[in-house]
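As structure tokens, the structure follows; a few thoughts come after it.
This one's a predicted model, so the numbers in the text were calculated from it and none came from an experiment. Atoms within each ligand, like the ligands themselves, are counted from 1 in listed order. Residue numbers count from 1 along this sequence.
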Amino acid sequence: MHWPNLGELTIRFYSLNLIANKHAYRRVFSDLIYMPIKILASADLHLGKRTSGIDVFSDDCSTKLTWKRMLDYACRNSVDVVLLAGDVIDRNNRYYEASIALQEGFARLKDAGIEVFLVSGNHDFDVLPQVIRNHSFDNVHLLGANGHWEISRFERSGEVIQFIGWSFPKQYVTTNPVLQLGALQTDSNFLRLGVLHTDVDKVESRYGPVPLLDLQNADIDIWMLGHIHKPSNFAGEKIIRYPGSPQSLSAKESGRHGALLLTVDQSRVEVEEISFSNCRFEWLNIDVSAVDSQETLRLLVENDLSLAANLKLTELGETVFLVYDLHLNGQNRRCREIKAWAEPLKNDYDMPLATGTRVLVREVSANIRPVIEDHEVLASETSPAGLLAQTILALRNGNSTPFLEELIRDWERNFRTITNSTTYQPLQEQWQREGNPRIAKVLIEQECNRLLNELLFPSN
Ligand SMILES: [Mn+2]
């Protein structure tokens with residue numbers, strides 16, 4: 001930390017008053033006052049697209065508006081660099097809407113003195129270089145065009161960052177781009193920030209597959225990646241992250257979505273998650289065992305949804321739509337009626353929270369077990385239902401039957417086969433640390449109940 005002397009403090013005082021958020025002025029003083037560098041890192045914006053899955057979204061959930069919120073944030077918070085790790089423009093949607101929004105954004109960032117470093121991904125391998133070529137933005141730097149690694153030095157307030165990137169040269173790339181990185185000369189005295197659109201640990205992928213180990217071993221200090229829309233963070237000493245798509249584009253992209261703010265202070269780097277998506281998808285299990293009328297179902301759903309949504313209240317800053325998929329479960333003899341009572345929730349439910357966020361329901365699924373009065377009587381039958389009832393009873397009483405033993409052996413054999421595949425390597429490592437969850441019996445009981453339900457109450 002560099003402590004300012006009196007002169008510098010005076011300048012800081014005046015500059016703070018003069019600037020009053022005028023970003024450009026900050027640049028004038030930035031050589032006099034030490035300030036950490038702020039990088040807003042994002043990927044997979046897919047400009048031209050909008051969130052799908054529920055009618056009420058309309059144009060409010062277009063990524064063009066997410067981009068605008070990101071620009072507002074960058075300008076308001078004196079960000080120095082905006083970083084985009086590919087698939088900025090969506091290949092199949094509204095090219096003009098996308099390219100115009102991008103150009104306007106670049107111009108706005110230029111006015112604010114903000115630099116942009118970016119690489120292209122499989123969606124914008126051709127259009128992104130075009131947009132940048134056809135409009136001269138001297139603050140915008142496409143790294144690694146034509147699939148050749150490139151380094152660009154950024155310097156401000158005496159701090160130096162090397163942005164090192166590689167751009168998709170064509171739609172599909174089946175080779176590992178990091179293998180070519182070794183030839184590039186970097187300076188280990190200054191931070192090396194790698195930007196890459198890639199499918200980590202997916203050997204068969206057509207989207208620039210890279211083993212995680214190669215990212216860990218490369219002469220790069222931080223990796224900001226694109227392609228996977230769910231924000232993710234790889235464990236280990238090095239910061240290796242997918243910022244994820246800043247807008248949730250469908251219910252498959254659940255949870256919080258936004259960008260990462262990296263603050264580089266000397267050699268220390270802090271990472272903060274900033275939300276930008278105006279919609280957020282979640283799912284919720286609701287136990288309907290006690291439901292006996294449409295009214296009790298309504299009360300229960302309202303209560304559970306309100307509890308779940310309010311728990312997220314502090315994270316809902318920009319969220320306009322909080323959209324739930326409900327899974328109804330439990331044990332109830334009115335399975336069919338409950339499903340019918342729940343049906344209107346999909347189009348009808350719309351609850352406002354204190355933040356102004358609207359809670360909606362997108363989908364309702366049900367896995368309600370029937371109430372079987374007497375398993376003992378059923379178990380005396382030799383029918384398939386009898387066999388299932390015997391198995392359920394054995395599981396409940398801690399006994400075993402030859403059929404149950406066979407099921408457990410089958411389950412364990414299949415489970416081993418699956419978990420021995422490389423795809424599940426991280427899970428295996430987790431289980432080695434935390435113990436393998438041996439839940440065969442729980443799953444078998446669930447499945448026996450489900451099958452018994454189908455057999456006894458076929459219309460449910
Ligand atoms: Mn991609």
Nearest 0.5 angstrom please: Glu115 CD to Ile39 CD1, how far? 12.0 Å
Taking the Mn ion (ligand 1) as the vertex, how big is the angle to NE2 in His197 and OD1 in Asn122, rounded to 10°? 90°
Has Tyr207 got an N/O/S atom less than 2.8 Å from the Mn ion (ligand 1)? no
Tell me whether the guanidinium CZ or amine NZ of Arg206 lies under 6.0 angstrom from the six-membered ring centre of Tyr172 and within 45° of its axis. yes
Do the ring centers of His229 and His257 come within less than 6.0 Å of each other? no
Do any N/O/S atoms of His123 come under 2.8 Å of the Mn ion (ligand 1)? no
Does Arg153 make a cation-pi contact with Phe190 (under 6.0 Å, within 45 degrees of the axis)? yes
Answer key: the N, O or S atom of His227 nearest to the Mn ion (ligand 1) is ND1
Ring centroid separation for Phe168 and Phe125, is it under 6.0 angstrom? no
Counting backbone and side-chain atoms alike, does Asp87 have an N/O/S atom under 2.8 Å from the Mn ion (ligand 1)? yes
